[in-house]
Amino acid sequence: MLSIIVSILCVAVIFFFRRRERLPREIPLCPPSHLGRDVRLRHWNETVPNDGLLRFRDTGVELLLVTKPSILHEILVGRAVEFVKPQVVRDRLYPTTGNGLLFAEGDEHKMQRKALNPAFSYRHVKDLYPIFWRKAFQLVKCLEKESETGEIVTIRPWARRTTLDIIGVAGMDHDFGALHEPDNYLVKQYETMHVDPSRGEAIFGYLLSFISSPLARFVMQNIPTKRGKALRAGSKAIREVCARLIQEKREQTAREASKDATATPTTSSKDLLSVAVNSASLPPATLVDQMMTFLTAGHGTTSHALQWSVYSLCKHLDIQSRLREEVAYLVEREMEGEEEEEEEEEGPTVTAAEIDSLPYLNAFVNEVLRFYPPIPSTVREPLQTTTLEGYKIPRGTKLVIPISIANKDTSQWGEDAGVFNPDRWLKPGCAHTGGALSSSSSLTFLTGPRSCIGAGFARAELACLVACLVGRFQMQLEDPNKELTLNLKGVGVAPEDGVRVRLTMV
Ligand code: HEM
């Protein structure tokens, strides 16, 4: 086995050095740095003079860091079809996301996006607020029990289970019941897939990605390491769950149609699964991949965002109190009506208009997403050798889009870009821009045709979760002076310790 691996490595190295054109030497080169993944990008941007592009080396390969807003706009909006997601990113995410909308390109992407858009229109998302609110309140009830013991609560597992349930109910018409089940099957599958690759595996995978042949991918996907096995088992399990949900939805659709022979065989529902199952443009064979994409993209990110929200509230106790005052009446209304509602099926509820009309809540959500973007960077590569700012950029060059740097760029946000301040969104005319030069200065959901399709869904979900938590609990970090370290496992970034807090009911 070892000799096969060494041979493949040698082939990869030869391929790599033969195929790569060099990047122009005029683009400044960053010095080596031992800082963490995203921290070093920020460090280089601040310390190496540049006109919008920086070269840096990672595992011996030269990459480009894009720092200028106009170049970012060119890559993400103006010339988005020319700059695609690299195969190495697809290979890394494929086991959890499958091959759905996230990885479609060109006309195929346009067609899929058009078919799925109705499930994310405001007209539909506004009807989901009560679902978000009800789950958020179920989370509050669970945390009340935890807080009574006086123990420290780690937010991460609760955030993961709640957001998984939300994408299940709101997106797929199915409650996974994870919130009340710490050992939930699906949650465990995702957890087992967050095994870090060993150093050798990482280098091997990276070099192989430059060959970019089906053989190389086949080797990587079938490599019999501990991590490889965990990824395959988890991926298979998630696929099976998605396939089951699709089958159930098809049966439900058929039942509804047979009740009324004159009706077209579709459910009236606009949930994601119904839209996908009933779409003439999405081939049935690709539905499992689409659902995997939404299940993964739709809960990992919002779980991170919720952890950052609680972290920020604990770091800024004045903001916490002010926010509590704003949402108090909604939470009190639920608490008061709780006994009556227990007898009814529906449980607590709220309208989209009520949540959307809370200025400080929405400003806070916008600021958390700007300041702590759950996905702090992404990557693109040109399909063909091209130019940017007059520099020749060889085909396949990896261009790093530093979301977290753009979100704090003083040329866009002003001198206080590095300060956490929800009030920036409350100034006249700033509700959508936060006072930045444009509404696309925040790249948390990216911008352009490949921006996040679930942005509206995610904002509304987060607003409901934050309102319920802050309205019911006073939150304090276990150790307010502890230095922040980051958890980089899986997709996105969250606090390493999962945000350990003391909750006091208010
Ligand atoms: C706070 C929560 C979220 C954040 C920060 C976030 C962020 C992002 C980002 C940065 C991208 C672009 C990735 C790239 O092209 O490199 C993206 C794409 C995507 N997101 Fe989200 N997302 C969030 C929530 C959601 C939710 C709730 C859903 C679904 C219910 C979702 C579904 C998707 C899909 C399908 C794409 C691919 C869109 C396309 O390529 O056309 N996301 N997201």
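Order of listing sets the numbers, starting from 1, for every ligand and every atom in it. We use all heavy atoms of the structure for the numbers below, so side chains are in, but hydrogens, waters and symmetry mates are not.
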[X] neighbourhood, listing ligand 1 atoms whose heavy-atom distance to it stays under 4.0 Å:
X	result
Ile167	30 (C)
Phe120	29 (C), 30 (C)
Phe457	27 (C)
Ser451	38 (C)

Please state which protein non-hydrogen atom is closest to [atom] and give its distance, to 0.1 Å?
atom	result
atom 32 (C) of ligand 1	Ala297 CB, 3.7 Å
atom 13 (C) of ligand 1	Leu446 CD1, 4.2 Å
atom 26 (C) of ligand 1	Gly298 CA, 3.6 Å
atom 6 (C) of ligand 1	Phe445 CD2, 3.7 Å
atom 35 (C) of ligand 1	Phe294 CE2, 3.4 Å
atom 23 (C) of ligand 1	Thr301 OG1, 3.3 Å
atom 34 (C) of ligand 1	Ile453 CG2, 3.8 Å

* What orientation do Phe132 and Tyr129 show, parallel under 30°, tilted 30 to 60°, or perpendicular over 60°? ->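 Phe132 vs Tyr129 ring planes: tilted.
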* To do: Answer yes or no for Pro374: is there a heavy-atom contact with ligand 1 below 4.0 Å?
  =>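 Contact present.
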Residue portion contacting ligand 1 (non-hydrogen atoms closer than 4.0 Å) for [X]:
X	result
Ala455	neither
Cys452	both
Lys85	side chain

Mind checking whether [X] and [Y] have ring centres under 6.0 Å apart?
X	Y	result
Tyr190	His299	yes
Phe176	Tyr185	no
Phe294	Phe120	yes
Tyr122	His124	no

* Asked: Side chains of Gln112 and Glu108: is there a donor and an acceptor less than 3.5 Å apart?
  ->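 There is such a pair (donor and acceptor under 3.5 Å, judged by atom type) between the side chains of Gln112 and Glu108.
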* **Polar side chain donor-acceptor pair, Thr162 to Asp165, under 3.5 angstrom** =>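 The criterion, which ignores hydrogens and geometry beyond distance, is not satisfied for Asp165 and Thr162.
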* Taking everything shown except Lys114 itself, do over 12 heavy atoms lie less than 6.0 Å from its NZ? ->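 Not more than 12 within 6.0 Å, no.
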* Answer yes or no: does atom NZ of Lys141 have more than 12 heavy-atom neighbours from other residues, nucleotides or ligands under 6.0 Å? =>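 Counting neighbours around NZ of Lys141, more than 12 heavy atoms of other residues, nucleotides or ligands fall under 6.0 Å, so yes.
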From the options [options], select the one whose nearest heavy atom is closest to [atom].
atom	options	result
atom 15 (O) of ligand 1	Arg380, Arg450, His109	Arg380
atom 10 (C) of ligand 1	Leu443, Thr378, Thr444	Thr444
atom 37 (C) of ligand 1	Ile401, Leu116, Leu102, Leu462	Leu102

* **Cation-pi, Trp425 ring and Arg370 (6.0 angstrom, 45 degrees)** =>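 No, cation not above the ring by the 6.0 Å, 45° rule.
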* Asked: Honestly, is Arg161 close enough over Trp158, meaning NZ or CZ under 6.0 Å from the six-membered ring centre and within 45° of the axis?
  ->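 Geometry flag: set, cation within 6.0 Å and 45°.
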* Asked: Arg113 to ligand 1: N or O pair under 3.5 Å?
  ->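 Yes - when backbone and side-chain N and O of Arg113 are compared with those of ligand 1, one distance drops under 3.5 Å.
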* Grab the two heavy atoms, one from Leu101 and one from Gln290, that are nearest each other, plus how far apart they are. =>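 Heavy-atom minimum between the residues: N-OE1, 2.9 Å.
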